[in-house]
Amino acid sequence: MTDAAYDVFIDGLRNAHAMENQALSIMQPQLNRLEHYPQVSALLDRHIRETEGQIQRLDQIFESLNESASGLKDTMLSLSGSMAAVTHSMATDEILKNSLANFAFEHFEIAAYTALITAAEQANMAQALPLLKQNLDEELAMASDIHDGLPDVVRQYIALSASGQRADI
């Protein structure tokens, strides 16, 4: 079971690395397009820095195991994240679509880290657990912050729309 658990853990680690690169490719374009939502901008700015730290922690785990991330997975998911960002930028309710997508993506990351932590435990990778749990805690906090801020974003979007101002970004 340990060999199978190790294989699942390494594959999950590669997936998490690619997922975090995808997250960056989703958040960075949004950050450059926020005019009327400084609270969202601050949140994204903070989480971009956290995500960069998460990637470093995943790299640290890879190095400790003499393994590496998958360049192909990283590239493919980064491209899909960029495509999602471009698609939302064409919407008249871009901020709403991005907020909902960001909330959903955070929950995807939460699920991914929960599964990865379980695989690490099954593979007896105790040294990886603190780093993975730190990543999970940051994702939980971000999901909570998006959830808590969503009503204000919707209210602000409606108010800007009602006043005839550009409300999408």
Side-chain angles (χ1 to χ4, degrees), residues 12-61 73-74 76-121 128-169:
L13 202 58
R14 288 182 177 124
N15 291 339
H17 195 275
M19 172 186 71
E20 295 301 354
N21 279 291
Q22 181 182 25
L24 287 176
S25 72
I26 291 169
M27 289 185 291
Q28 287 168 332
Q30 288 179 38
L31 187 61
N32 298 331
R33 294 186 47 78
L34 290 167
E35 277 177 43
H36 299 295
Y37 303 90
Q39 72 281 20
V40 176
S41 181
L43 191 61
L44 286 175
D45 184 57
R46 182 196 82 205
H47 199 56
I48 286 170
R49 284 180 274 121
E50 287 174 345
T51 301
E52 290 166 344
Q54 291 168 0
I55 291 169
Q56 290 173 353
R57 286 189 284 277
L58 294 171
D59 286 339
Q60 185 179 340
I61 296 169
K73 283 183 182 183
D74 285 357
M76 295 306 292
L77 287 182
S78 288
L79 286 172
S80 72
S82 295
M83 297 275 292
V86 167
T87 301
H88 287 179
S89 72
M90 294 183 269
T92 58
D93 59 348
E94 177 182 358
I95 185 66
L96 299 180
K97 284 187 174 38
N98 283 340
S99 295
L100 299 176
N102 290 345
F103 187 66
F105 196 83
E106 290 305 317
H107 281 85
F108 177 79
E109 290 178 301
I110 290 165
Y113 279 114
T114 300
L116 188 55
I117 288 167
T118 302
E121 291 167 346
L129 292 175
L131 298 173
L132 296 174
K133 287 179 180 177
Q134 185 176 353
N135 285 10
L136 175 59
D137 288 344
E138 290 172 355
E139 301 303 352
L140 287 164
M142 182 62 170
S144 178
D145 290 344
I146 293 170
H147 175 266
D148 293 347
L150 189 57
D152 289 337
V153 169
V154 173
R155 285 185 202 102
Q156 186 171 356
Y157 176 81
I158 291 169
L160 287 168
S161 294
S163 71
Q165 294 185 52
R166 184 171 182 189
D168 60 333
I169 56 174

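Because only heavy atoms are used, hydrogens play no part in the values below, and waters and symmetry mates are left out as well, while side chains stay in.
Separating the OG atom in S41 from the CG atom in N32 is a distance of 9.0 Å, to the nearest 0.5 Å. A distance of 5.5 Å separates CD in Q165 from NE2 in H36, rounded to the nearest 0.5 Å. Of the inter-residue distances, the one linking I95 atom CD1 with L34 atom CG reads 5.0 Å to the nearest 0.5 angstrom. Atom-to-atom distance recorded for L58:CG and L131:CG is 8.5 Å, nearest 0.5 angstrom. Atom CG of L160 and atom CZ of R155 lie 14.0 Å apart (nearest 0.5 Å). Interatomic distance, CD of E138 versus CG of D145, reported as 11.5 Å (0.5 Å rounding).
With no hydrogens or angles considered, no side-chain donor-acceptor pair links Q54 and E109 at under 3.5 Å. Judged by distance alone, the side chains of E139 and H107 never bring a donor and an acceptor atom under 3.5 Å apart.
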Exercise for review: Given side chain to side chain donor-acceptor pair (under 3.5 Å), test Q39 with Q156 step by step and report yes or no.
Suggested key: CA-CA 11 Å; Q39 72 281 20; Q156 186 171 356; 3.3 Å; yes
Practice item. Kindly indicate, with the supporting measurements, whether the criterion side chain to side chain contact (heavy atoms under 4.5 Å, CB included) is fulfilled by E52 and R49. Key: CA-CA 5 Å; E52 290 166 344; R49 284 180 274 121; 4.2 Å; yes
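A pairwise comparison of heavy atoms in V153 and Y37 identifies O-CE2, 3.9 Å as the closest pair. The nearest pair of heavy atoms linking L13 to L116 is N-CD1, 3.5 Å. Listed here is the closest heavy atom pair of A120 and L129: CB-CD2, 3.8 Å. Of all non-hydrogen atoms in R46 and M142, the two that sit nearest each other are NH2-SD, 3.8 Å. Shortest non-hydrogen contact noted between Q22 and S25 is O-OG, 2.8 Å. When every heavy atom of Y157 is checked against every heavy atom of D93, the shortest pair comes out as OH-CB, 3.3 Å.
Ring geometry, F108 versus F105: the interplanar angle falls from 30° to 60°, so the pair is classed tilted.
Ion pairing of K133 with D137 is absent here, as no side-chain N (NZ or NE/NH1/NH2) approaches a carboxylate O to less than 4.0 Å. A salt bridge does not link E20 to R57: none of the charged side-chain nitrogens sits closer than 4.0 Å to a carboxylate oxygen.
A 4.5 Å side-chain heavy-atom check between I26 and N98 finds every atom pair outside the cut-off. No side-chain heavy atom of L43 sits less than 4.5 Å from a side-chain heavy atom of N102.
Between the T114 side chain and the I110 main chain, a donor and an acceptor come within less than 3.5 Å of each other.
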